[in-house]
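Note that this is a predicted model, so its numbers are computed, not measured. All values below were derived from every heavy atom in this structure, side-chain atoms included, with hydrogens, water molecules and symmetry-related copies excluded.
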Amino acid sequence: MGLFSKEACTFCGTEVGMLKRSKLATKEFICNDCRNKTNYFARMDYTTRAAAQTMMETMAGEEEAFEASFKEAENGFDAAEVIFHTWDLGRKRIHYRANKTNGGFQIKLDEYSHYDCVPVLYFDCVIPYRFVADDESFTESRRNEIMNQNADYAEVEISKDDEGKVNHCLLTIPYNDNCIREIKLESDVSDEGDVEAFKDFANQFNADRRVWLARGARLIDRKNRMQIRNLADTATEALKAAATGGDIEEAIKKGVETANDIEEGRVKQGFFGKLFKK
């Protein structure tokens, strides 16, 4: 197979040369046009054909949903939970946006403007990738890694030339996904200001992840308290129905429905801890 030989893209069937294609983990080829429909942080040699197909089918919807949640937060009481920043990391300009309520974030790079979508990434995937067997369950130690509020997973590595002058920065964010093992942002730098920009982004990212974790813990605690209240209310209604000849099954059914609504975030807790059922 020579440099100028052509192979058919497994998705669109176009025959392209080596410079206009990538090889998937499952040995098929994907052309650059089809690759532009995937996540630009995904490495094709880690990506199966099925995973690439899934990205093509879901990325636009994920981006639209993230945009909607972002606007809802900006217009509501969660405005403080969303942020937007732009940095010049050496020669790279990046635009970073995070919703610290739902844990989604985007890193948009000008150099990837030819891609169809800006990928939506998630704080709960920001842990070092680990290969696992198909039958291996999610361990408690792995869960503790995700919930570790003290972990600064975004790190900056600095390189120097022979004269000891900083000339290159690499920012790495580990990511636990079949197609993405880590997010890397790197560039040559010329002064300490460039280095500080890398560090500033890493610090902002780590701080946003901590806020997301803290907010998630508060939401879990709130749900638990609401579930306990709902359980007590359901038991009271069931006992009342039993004493008055009412429908016990209906009382229990309503309690189960409310429990599901609480888990889905469809029930709100009013003042003084009172549970209002929709």
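Note: Y112 and Y115 have perpendicular aromatic rings, judged against thresholds of 30 and 60 degrees for the angle between ring planes. The aromatic rings of F105 and Y175 stand perpendicular to each other, their planes meeting at an angle above 60°, with 30° marking the opposite boundary. Relative ring orientation between W87 and H85 is described as tilted, the plane-to-plane angle lying within the 30° to 60° band.
Y122 and Y40 fall within a single hydrophobic cluster, where Ile, Leu, Val, Met, Phe, Trp and Tyr are joined by side-chain heavy atoms under 4.5 Å apart, directly or via other members. Following chains of ILVMFWY side-chain contacts shorter than 4.5 Å, one cannot reach M44 starting from M18, and the two form parts of different hydrophobic clusters. M55 and I180 sit in two unconnected hydrophobic clusters of ILVMFWY residues. Membership requires side-chain heavy atoms under 4.5 Å apart, directly or through other members. When hydrophobic clusters are built by joining Ile, Leu, Val, Met, Phe, Trp and Tyr residues whose side-chain heavy atoms come closer than 4.5 Å, directly or via intermediates, I30 is not grouped with Y46. A continuous path of ILVMFWY side-chain contacts below 4.5 Å connects Y153 to M147, so both sit in one hydrophobic cluster.
Listed here is the closest heavy atom pair of G17 and K6: N-CG, 4.0 Å. Taking both residues in full, the closest heavy atoms of V189 and H168 are given as CG2-N, 3.5 Å, listed atom of the first, atom of the second, then distance. Minimum interatomic distance between V120 and F66 (heavy atoms only, all atoms of both residues): CG2-CB, 3.7 Å.
For R181 and Y129, the positive end sits near the middle of the six-membered ring, less than 6.0 Å away and at most 45° from its axis.
Remark: side-chain polar atoms of N206 are paired, donor with acceptor, to backbone N or O of A202 under 3.5 angstrom.
D200 and Q204 share no side-chain donor-acceptor pair at under 3.5 Å.
When the side chain to side chain donor-acceptor pair (under 3.5 Å) test is applied to T26, the partners found at least two apart in sequence or on another chain are E28.
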Donor-acceptor list for residues 56-64 side chains, cut-off 3.5 Å, not counting sequence neighbours:
from, atom 1, to, atom 2, distance (Å)
E57, OE2, Q53, NE2, 3.0
T58, OG1, T54, O, 2.8
E63, OE2, V118, N, 3.4

Return all side-chain donor-acceptor pairs below 3.5 angstrom for residues 154-163, not counting sequence neighbours, or 'none' if the list is empty.
from, atom 1, to, atom 2, distance (Å)
D161, OD1, E163, N, 2.9
D161, OD1, G164, N, 3.0
D161, OD1, K165, N, 2.8

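With a 4.5 Å cut-off on side-chain heavy atoms, F11 and L24 count as touching.
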Pair L213, F123 - check side-chain contact (heavy atoms from CB on, under 4.5 Å), show working.
CA-CA 9 Å; L213 277 174; F123 286 125; over 6 Å; no
